[in-house]
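Ligands are counted one by one from 1 in listed order, and the atoms in each one are counted from 1 as well. Predicted model only: the values in this text are computed from it and were never measured. Just so it is clear, the values below take in all heavy atoms, side chains as well, and ignore hydrogens, waters and symmetry mates. For the single chain, residues carry numbers from 1 onward in sequence order.
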Amino acid sequence: MRTVAAKAYYSGDGPASLSTRRSASRRFLAQVASSIPKTHDNSKASSYKVVVVGGGTAGLSVASSLSESLGNKAVAVVEPSDVHYYQPLWTFVGSGLKTFDESKMATSEVMPEKAQWIKDSVATFDPKQNTVKLANGETISYEYLVVAAGIQTNWGKIKNLPETLGKNGVTSNYSAQSVQKTDEFIKAFKGGNALFTMPSTPIKCAGAPQKIMYLAEEQWRKAGVRSQTDIKYFTGLGKIFAIDKYAKELLKICKARDLDINYFTDLAEIRPESKEAVFNVLGGEAKGTTLTLPYDFLHVTPPMGPPDFVKSSPLSNADGWVDVDKDTLRHNKFANVYALGDCSSLPTSKTAAAIAAQSAVLKNNLLGDIFGDRKVAKYDGYTSCPLVTGSDKLILAEFSGYTGQPLETFPFDQSKERYSTYFLTKEIIPEIYWKYMVKGSWDGPAKFRKLFGASA
Ligand SMILES: Cc1cc2nc3c(=O)[nH]c(=O)nc-3n(C[C@H](O)[C@H](O)[C@H](O)COP(=O)(O)OP(=O)(O)OC[C@H]3O[C@@H](n4cnc5c(N)ncnc54)[C@H](O)[C@@H]3O)c2cc1C
C-alpha cells in the first residue's frame, strides 16, 4: 500500500512544517519499504488464475480489484519497471507547473497487495497453450489473460532524434527523461523559431502535442520574448483535433494567439548541426515533397505503434494491436484473453480517462466468466482529453471515440476555456488516480454525468 511516508519520499515535497528529523525518518522508512522486493518468488507455482501483462495505468486498474475478488496470489502482474508514472501530469511537468516527482511512485507502492508482482517482461504469448514466456525464459500459465502493455514510442523512426533528444532545444513530454528538459528549454528560450510536432500515427493523448505549445507560448509572452518568436505546429493529420466541437474552439485560440497550424506534415529528420527539422508533406499540392525549417526550440511527439512483442504475436490484429471486441474487450479469437488501454485495438482515443471506463467493463466481463453471475457489460468508447490552453484554463474534451460525439460530464459547455476544469485536471484528478484508479475503484465520471444530466 502507498504510505504517507512513501508519498513524501517519492514526491519530494513533504509539508514544510514537518521537522527535518521527522521527514528524514519518513524518507528512511520509505527507502526501506521500497527496497523490500515484492517481486516474483521462483519457489511459487508459475500458474495463476489471471495474468495481467503490464502494470501501468490499465494493468493496475484491473489487477487491484481482480486480486481482491479472486484472493491472494490468484492474480499475477508482469511488469518490468520499478517506477510507475502518472503520465497525464507530464504536460504540467514540461511547463513547470508540477514537479516530475509528483508524477511517479515506486511500483512496489502501487502494486496491489494481493497480486503477485513478476518483475520481468513478457517476451512471447502462446494463447493456444494459455502461457506467456518471460524475457528470463520462464513460462507462466494462466486461466485468463489481460494484456495491458501500453503503446510503443518509436523514437528511432525520426532520423537523429534519439541522439538529439534532450539537447540544444530538442525535447519531448513523451518520455520520463526528456519531459524534465522541456521546462528548462522553455525558460532558456530567448526567441526564434519554435516548432511543435504531432505524428500521423495513433498516439497516446492526442491533445498533448498541442497543450505544451499553448503553455510555452504563454510563458514566452510573460517573459517578453513572444514578439521575437515564430510558433508553428505541424500535424501529420488533417485536423487539429478529431472532434469538431473542440477543434473549432482550438482554432479560434490559435488564431488569436498567432499560432501557425500546418496539416499533413510529418517530422522525418532532425539535423542537429544546422538546427533544422525536415518534414514529409503527406497531403495538399506539395504532397510527396519535403519541407525543411530552422528551429531554436523543437518539441517532438514521436511516432507510436503497438509494442513489437504484441505485434508479432497471435493476439494481434492486422495493425498490430491486441484484437479485442470493441464492446466487451474480449479477444476476438481467444475467449479467455482480454485487453484494454493503449495496446488494445479499441477504436477510441488512447487515454487514461478511457481506461477508467474500460477497466470497469473488463472486470465485470472477466469476473462474469469466472462466477457466471452477471450480465455482459459494454464499453461505449468514452475518452477524455483535458486540453490545457494556459496556466489557468483548459477545454475539457470528453467524447465517445465510437460515435465521434461529445459525452460531457458537466452541465455547461465544456468546449469553452475554464479555470474550474483546469483545477480539476491539475489538482483533483491526480488525487483520484493515486487514491482510487490504481486501486481499481474509479471507473470514470459516467455516474456524475447522469447526476448532472449533462450531454448524452
Ligand atoms: C505527455 C502525456 C500526456 C498525457 N495526458 C493525458 C491526459 O491529460 N489525460 C489522459 O487521460 N491521458 C493522458 N495521457 C495518456 C495516458 O497516460 C495513457 O493513455 C495511459 O497511461 C495508458 O495506460 P496503459 O496502461 O495502456 O499504458 P502504460 O501506462 O504506458 O503502461 C504500460 C505498462 O506495460 C509495461 N510493459 C511494456 N512492455 C511490457 C512487456 N513486454 N511485459 C510486461 N510489461 C510490459 C510498461 O512497463 C508499462 O508499465 C498522457 C500521456 C502522455 C505521455
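- With a heavy-atom cut-off of 4.0 Å, Phe309 touches ligand 1 through its side chain alone.
- In terms of protein heavy atoms, atom 16 (C) of ligand 1 is closest to Ala352 N, 3.7 Å.
- The closest heavy-atom contact to atom 11 (O) of ligand 1, among the options Ser103, Ala353, Ser175, comes from Ala353.
- A side-chain donor-acceptor contact under 3.5 Å links Asp266 to the backbone of Ser200.
- Gln219 places no side-chain N or O within 3.5 Å of a backbone atom of Leu215 that could act as its donor or acceptor partner.
- Using a 4.0 Å cut-off between heavy atoms, Gln87 contacts ligand 1 through both its backbone and its side chain.
- Here the protein heavy atom with the shortest distance to atom 23 (O) of ligand 1 is Ile355 CD1, 3.2 Å.
- Every atom of ligand 1 is numbered from 1 in the order shown, and the set under 4.0 Å from a heavy atom of Ala208 is 3 (C).
- Without hydrogens or angle criteria, Asn365 side chain to Thr328 main chain gives a donor-acceptor distance under 3.5 Å.
- Looking at ligand 1, you'll find an N or O of Glu79 within less than 3.5 Å of one of its N or O atoms.
- For ligand 1, the atoms sitting less than 4.0 Å from at least one non-hydrogen atom of Lys350 are 19 (O), numbered in the order shown with element in parentheses.
- Inclusion of Asp342 in the set of residues having an N or O under 3.5 Å from an N or O of ligand 1 is warranted.
- Inclusion of Lys211 in the set of residues having an N or O under 3.5 Å from an N or O of ligand 1 is warranted.
- If you check the side chains of Asp325 and Tyr338, you find no donor sitting under 3.5 Å from an acceptor.
- When heavy-atom distances to ligand 1 are checked against a 4.0 Å cut-off, Ala58 comes that close through both its backbone and its side chain.
- Considering backbone and side-chain N/O atoms, Val122 comes within less than 3.5 Å of an N/O atom of ligand 1.
- If you look at Tyr142 and Tyr48, their ring centroids are not closer than 6.0 Å.
- Distance from atom 7 (C) of ligand 1 to its nearest protein heavy atom, with residue and atom name: Pro88 CB, 3.5 Å.
- Polar contact with ligand 1: present for Thr57 (N/O pair, distance under 3.5 Å).
- Under the 3.5 Å distance criterion, with hydrogens and angles disregarded, a donor-acceptor pair is assigned to the side chains of Thr351 and Thr383.
- We find that Asp319 and Lys311 are not joined by a salt bridge, their nearest charged nitrogen and carboxylate oxygen being 4.0 Å or further apart.
- Atom numbering of ligand 1 starts at 1 in the shown order; those under 4.0 Å from a heavy atom of Tyr174 are 53 (C).
- Here the side chain of Thr265 pairs no donor or acceptor atom with the backbone of Phe234 at under 3.5 angstrom.
- Residue Pro307 places no heavy atom under 4.0 Å from ligand 1.
- For atom 36 (N) of ligand 1, the closest heavy atom belonging to the protein is Ala149 O, 4.0 Å.
- In this structure, the protein non-hydrogen atom closest to atom 43 (C) of ligand 1 is Val78 O, 3.4 Å.
- One finds a salt bridge joining Glu68 and Lys114 here, because a Lys/Arg side-chain nitrogen approaches an Asp/Glu carboxylate oxygen to under 4.0 Å.
- Heavy atoms of other residues, nucleotides or ligands lying less than 6.0 angstrom from OH of Tyr436 number 12 at most.
- Each of the atoms 7 (C), 8 (O), 9 (N) of ligand 1 lies under 4.0 Å from some heavy atom of Pro386.
- Nearest non-hydrogen protein atom to atom 14 (N) of ligand 1 is Cys205 CB, 3.4 Å.
- The distance criterion of under 3.5 Å between nitrogen or oxygen atoms is not met by Asp120 with respect to ligand 1.
- Judged by distance alone, the side chains of Ser415 and Asp413 do bring a donor and an acceptor atom under 3.5 Å apart.
- At a 3.5 angstrom cut-off on N or O pairs, Gly341 does not count as close to ligand 1.
- With rounding to the nearest 0.5 angstrom, the OH atom of Tyr295 is 12.0 Å from the OG1 atom of Thr197.
- No side-chain donor-acceptor contact under 3.5 Å links Trp321 and Ser344.
- Here's the thing with Ile151: none of its N/O atoms is less than 3.5 angstrom from an N/O atom of ligand 1.
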